[in-house]
Amino acid sequence: MSELITNKRAAGFFTLEHTDANSAARVGHIATDHGVIQTPIFMPVGTEATVKCVHQRELLDDIQAQIILGNTYHLYLRPGLDVLKAAGGLHRFNGFTKPMLTDSGGFQVFSLTGIRKLSAEGCEFRSHIDGSKHFFSPERVMDIERTIGADIMMAFDECPPGTADYAYARKSLDLTHDWLRRCVNRFNQTEPEYGYHQALFPIAQGCVYKDLREESARFVSELDAEGYAIGGLAVGEPTEQMYEMIEVVNAILPQDRPRYLMGVGTPINILEAIERGVDMFDCVMPTRNGRNAMLFTAEGTMNMRNAKWAKDFSPIDPAGTSYVDTSYTKAYLHHLFKAKEFLAMQIASIHNLAFYLWLAGEARRHILAGDFVAWKRDMVERMSRRL
């Protein structure tokens, strides 16, 4: 591939601080114009300019989120680019003052089975809101992400299902690589709209086929990007295949750039991926499960609608670790869910996000301490329980 990403910082975007002696786990930091991100890191998902059920002050002060996501597809449709541009970008629109990342919208567009049409030029689709017709090309997506203004932009790709056969995966990868070339060209031709740096991350695809994953990892590595993403996992394939593909890709991606595993996953998935050299994660699971009364803790998961919590006046998290708000008890949260109070969803979402951020921070601490593998093994066993 002849194209290189030229619109980037000279140096210093990512600093690799330490690598674990007994695994591929790493510690580093990413420097953006909106702040420094310590890795490993979990990124709360703010699909439509908001992390569901959570105020910005709670993200910043209570959860201590270092970076959140926005979704290109959803933000393009609503509130729309005219609103975001008039506001001065997503940071000023939603009031989140720390770094943000936008995905390309590819996953959302390609999940619109029956109301989208794929071609070499891009993807024509109908809005899930009003049925109106739209078209995403790689160039259009780069322009949209410039207007949204996130610190990290993702390239436009096709995300094949985890069960795709080899022929489909091969064709999909060729399309993704062609679109990536076009994304890079458009990115290089344009500048940030709001006066701060934006990075472009290519996405390595290839489904569950080792040769395709290796080919894609080599292809994206040639771009000399500021960071790289691993896409198309946790989309229906067996968990062990997901871990295998992470290892395949990370063996090729540059060691001195951050690796972002898109849309993954459970707390156990995250620890397993950290052990395999992943630095960045996002997933809707903490908030989606929280809104449905499922809480993650260091001792296992809890269904807060279960009658066993009705008279349990202990703090929500049985371990009493630092991420939990001890002013709320299991009995109170159980009551709120049974009464269908909105506060239940808010408390549970904040709790789960804080747990995910705590888990990433603890992983970082144990990597630096040199006992990550033993700590991770114990945590996986504990978090596998249903309380």
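None of these values were measured; they are calculated from a predicted model. Residue numbers start at 1 and run along the sequence shown.
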Requested in this report: Indicate yes or no: does Arg146 engage Glu193 in a salt bridge with an N to O separation below 4.0 Å.
Outcome: no
Query raised in the report: Do the two ring centres, one from His366 and one from Trp375, sit under 6.0 Å apart?
Result: yes
Requested in this report: Find the distance between CG (Leu333) and CE (Met304) and round it off to the nearest 0.5 Å.
Outcome: 4.5 Å
Query - Smallest separation among heavy atoms of Glu299 and Arg385, with atom names - result: OE1-NH1, 3.0 Å
Report task. Spell out, as yes or no, whether a donor-acceptor pair under 3.5 Å connects the side chain of Arg92 to the backbone of Ala86. Result -> no
Requested in this report: Examine Ile274 and Val380 and state if one hydrophobic cluster contains both, with Ile, Leu, Val, Met, Phe, Trp and Tyr joined whenever side-chain heavy atoms are less than 4.5 Å apart.
Outcome: yes
Report task. Sorted by first residue and then second, give each side-chain hydrogen bond (donor to acceptor under 3.5 Å, both in side chains) pair with at least one member in residues 37-52; sequence neighbours left out. Result -> Glu48-Arg78
Query - Cluster check Leu261, Val208: I/L/V/M/F/W/Y, side chain < 4.5 angstrom - result: no
**Report entry** pair Gln205-His177: side-chain heavy atoms closer than 4.5 Å
**Finding:** no
Report task. May I ask you to check if Arg182 and Phe187 form a cation-pi contact, with NZ or CZ under 6.0 angstrom from the six-membered ring centre and within 45° of the axis? Result -> no
Query raised in the report: Just by modelled atom types, is the Pro286 backbone N or O under 3.5 Å from a matching donor or acceptor in the Asn352 side chain?
Result: yes
Requested in this report: Indicate yes or no: at least one non-hydrogen side-chain atom of Ser127 is less than 4.5 angstrom from one of His134.
Outcome: yes
Query raised in the report: Quick one: CE on Met280 to CD1 on Ile230, what's the gap to the nearest 0.5 Å?
Result: 11.5 Å
Requested in this report: Might you point out which heavy atoms bring Ala360 and Phe42 nearest each other, and give the distance in Å?
Outcome: CB-N, 4.0 Å
Query raised in the report: Does Asp33 offer a backbone N or O that forms a donor-acceptor pair with the side chain of His197 under 3.5 Å?
Result: no
Query raised in the report: Any donor-acceptor pair under 3.5 Å linking the side chain of Asp143 with the backbone of Arg140?
Result: no
Query raised in the report: Are Lys210 and Glu247 ion-paired here, with the side-chain N under 4.0 Å from a carboxylate O?
Result: no
Report task. Calculate, to the nearest 0.5 Å, the distance between atoms CG and CE belonging to Asn71 and Met154 respectively. Result -> 12.0 Å
Query - Pair Val51-Val45, side chain to side chain contact (heavy atoms under 4.5 Å, CB included): steps then yes or no - result: CA-CA 6 Å; Val51 177; Val45 177; over 6 Å; no
Requested in this report: Report the relative orientation of the aromatic rings in Tyr196 and His34; use parallel for angles under 30°, tilted for 30 to 60°, perpendicular for over 60°.
Outcome: perpendicular
Query raised in the report: Looking at side-chain heavy atoms only, is the closest gap between Asp256 and Leu16 below 4.5 Å?
Result: no
Report summary line: dist Asp103:CG -> Phe201:CZ (nearest 0.5 Å) comes out at 13.5 Å
Requested in this report: Report yes if some heavy atom in the side chain of Asp224 is under 4.5 Å from a heavy atom in the side chain of Ile5; otherwise report no.
Outcome: no
Query - Residue pair Thr102 / Glu145, side-chain donor-acceptor N/O under 3.5 Å - result: yes
Query raised in the report: Leu60 and Gln66: side chain to side chain contact (heavy atoms under 4.5 Å, CB included), yes or no, with the steps?
Result: CA-CA 8 Å; Leu60 294 167; Gln66 300 178 48; over 6 Å; no
Query raised in the report: Where the side chain of Asp279 meets the backbone of Tyr260, is there a donor-acceptor pair that is under 3.5 Å apart?
Result: no
**Report entry** Ser221 (side chain) donor-acceptor with Ala217 (main chain) under 3.5 angstrom
**Finding:** yes
Requested in this report: Measure from the ring center of Phe96 to the ring center of His55 and say whether it is less than 6.0 Å.
Outcome: no
Query raised in the report: Do Val264 and Met294 sit in the same hydrophobic cluster, where Ile, Leu, Val, Met, Phe, Trp and Tyr count as joined when their side-chain heavy atoms come under 4.5 Å apart?
Result: no
**Report entry** Closest heavy-atom pair and its distance - Val54, Ser349
**Finding:** CG2-CB, 4.1 Å
Query - Asp165 (side chain) donor-acceptor with Tyr168 (main chain) under 3.5 angstrom - result: yes
Query raised in the report: Is there a donor-acceptor contact under 3.5 Å from the side chain of Arg364 to the main chain of Gly28?
Result: yes
Query raised in the report: Nearest heavy-atom pair of Trp179 and Glu121: which atoms, and what distance?
Result: NE1-C, 4.3 Å
Query raised in the report: At what distance, to the nearest 0.5 angstrom, does CG of Asn22 lie from CD1 of Ile367?
Result: 11.5 Å
Query - Residue pair Asn7 / Asn188, side-chain donor-acceptor N/O under 3.5 Å - result: no
Query raised in the report: So Phe355 and Phe296, would you call those rings parallel, tilted or perpendicular, with 30° and 60° as cut-offs?
Result: parallel
Query raised in the report: Do Glu237 and Thr163 come within less than 4.5 Å of each other through their side chains, counting heavy atoms only?
Result: no
Report task. Verify side chain to side chain contact (heavy atoms under 4.5 Å, CB included) between Leu295 and Asn303, making sure each step is shown before the conclusion. Result -> CA-CA 7 Å; Leu295 263 63; Asn303 182 345; over 6 Å; no
Requested in this report: Look at the side chain of Arg257 and the backbone N and O of Tyr228, then say whether any donor-acceptor pair between them is shorter than 3.5 Å.
Outcome: no
Query - CA sep, side-chain torsions, deciding dist, call: Lys171, Glu158, salt bridge (Lys or Arg N to Asp or Glu O under 4.0 Å) - result: CA-CA 10 Å; Lys171 183 178 179 181; Glu158 184 188 6; over 6 Å; no
Query - Distance in Å, Ile63 CD1 paired with Leu357 CG, rounded so as to fall on 0.5 Å steps - result: 7.0 Å
Query raised in the report: Which one of His91, Lys98, Gln198 satisfies the side-chain hydrogen bond (donor to acceptor under 3.5 Å, both in side chains) criterion with Asp151?
Result: His91
**Report entry** Under-4.0 Å salt bridge between Arg57 and Asp62
**Finding:** no
Query raised in the report: So, Glu17 and Arg26, do they make that salt bridge, N to O below 4.0 Å?
Result: no
Query raised in the report: Between Asp312 and Lys308, is there a salt bridge with N-O shorter than 4.0 Å?
Result: no
Requested in this report: Establish, yes or no, whether a centroid distance under 6.0 Å links the rings of Phe125 and Tyr73.
Outcome: yes
Query - Side-chain (Thr287) to main-chain (Val284) donor-acceptor, under 3.5 angstrom - result: yes
Query raised in the report: Is it the case that one hydrophobic cluster holds both Leu173 and Phe219, taking links as side-chain heavy atoms less than 4.5 Å apart, direct or via other members?
Result: no
Report task. Run the numbers on Ile203 and Val220 for side chain to side chain contact (heavy atoms under 4.5 Å, CB included), then give the verdict. Result -> CA-CA 7 Å; Ile203 304 172; Val220 301; over 6 Å; no
**Report entry** Nearest non-hydrogen partners of Val141 and Ser104, listed with the distance
**Finding:** CG1-O, 3.6 Å
Report task. Measure the shortest side-chain to side-chain distance between Val278 and Pro40 over non-hydrogen atoms and say whether it is less than 4.5 angstrom. Result -> no
Query - Nearest non-hydrogen partners of Val235 and Cys159, listed with the distance - result: CG1-SG, 4.2 Å
Query - Shared hydrophobic cluster for Ile129 and Tyr76 (ILVMFWY, side-chain gaps under 4.5 Å) - result: yes
Query raised in the report: Do the side chains of Met142 and Leu200 get nearer than 4.5 Å, heavy atoms only?
Result: yes
Report task. Not counting sequence neighbours, which residues clear ring-ring contact (aromatic ring centres under 6.0 Å, His included) with Tyr166? List them please. Result -> Tyr209
Query raised in the report: Taking side chain as C-beta onward, heavy atoms only, is Ile148 less than 4.5 Å from Thr72?
Result: yes
Query raised in the report: Do we get Arg276 above Tyr243's six-membered ring, with its NZ or CZ under 6.0 Å from the centre and within 45° of the axis?
Result: yes
